[in-house]
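Each residue takes its place number in the sequence, starting with 1.
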Amino acid sequence: KALQQLDRMTERERYRTLGGYYLLVSHNYEKAIELDDGLAEAHVAMARVAVGVDFDWERARVENERAVQLNPGSAAAHRGASSYFAWAAAFERAIEHAEAALRLDPLDYGTRLVVVFAYGTSRRRQREAIRIAEEALELFPDDDTFRDFLLWERVMAGVDVEPSVQELLELSPTDGS
């Protein structure tokens with residue numbers, strides 16, 4: 001029912017509704033950190049809000065680093081840090097955190113996604129991105145995201161370029177969407 005209601009809203013109404021939700025969520029995470037600054041999970045969540053809602057890159061960096069400091073054994077903390085550093089073009093740090101997350105949680109979908117993203121965005125580790133994407137497709141055989149990453153990384157690495165481009169073209173929507 002909630003999804004139907006969102007479908008009927010204008011883009012502006014959706015933005016305002018979801019923005020209010022994120023403000024509430026953000027407030028709850030801030031309160032959790034206020035009560036106990038040692039909750040790594042709250043810092044991971046605040047980092048997501050900082051990037052995805054507030055576009056506050058410095059806060060995202062601080063929150064991600066704090067989460068890893070508090071719980072270096074948390075794959076979620078390393079995933080968040082890896083994503084942040086990949087977007088910030090600090091590729092070696094992104095890869096360092098991605099590999100740590102993979103060691104901690106090798107079967108997790110999000111972990112594999114972050115690893116492929118970190119290797120791929122570095123533009124120096126495409127072959128490793130291809131290997132991880134292939135492994136991920138063994139774990140998640142019908143996943144379009146890993147398939148697309150695999151095809152793009154093959155193109156970027158110059159591996160099986162023509163068949164990869166052909167498959168990407170076949171998968172692309174043709175109705176302009």
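- Between Phe149 and the choices Leu137, Asp143, Leu113, the side chain to side chain contact (heavy atoms under 4.5 Å, CB included) rule is met once, by Leu113.
- Around CZ of Arg125, the count of heavy atoms belonging to other residues, nucleotides or ligands within 6.0 Å exceeds 12.
- Comment: Arg61 engages Glu58 in a salt bridge, judged by a side-chain N to carboxylate O separation of less than 4.0 angstrom.
- Under the 4.0 Å criterion applied to side-chain N and carboxylate O atoms, Arg147 and Asp142 are not assigned as salt-bridge partners.
- When atom types are taken as modelled, the side chain of Asp105 and the backbone of Ala101 share no donor-acceptor pair closer than 3.5 angstrom.
- Ring geometry for Phe146 versus Phe140: interplanar angle under 30°, hence parallel rather than tilted (30 to 60°).
- Thr121 places a side-chain N or O within donor-acceptor distance of the main-chain N or O of Phe117, the cut-off being under 3.5 Å.
- Using modelled atom types, one side-chain atom of Ser122 and one backbone atom of Tyr119 make a donor-acceptor pair closer than 3.5 Å.
- Across all non-hydrogen atoms, the minimal contact from Val115 to Ala98 is CG2-O, 3.4 Å.
- Within the 4.5 Å cutoff, the side chain of His97 has no heavy atoms near those of the Arg79 side chain.
- A salt bridge is defined here as a Lys NZ or Arg NE, NH1 or NH2 lying under 4.0 Å from an Asp or Glu carboxylate O, and Glu162 with Arg154 fails to meet this definition.
- Remark: Trp57 CH2 is packed, more than 12 non-hydrogen atoms of other residues, nucleotides or ligands lying under 6.0 Å away.
- Panel note: side chain Asp160, backbone Pro163; no donor-acceptor pair is recorded below 3.5 Å.
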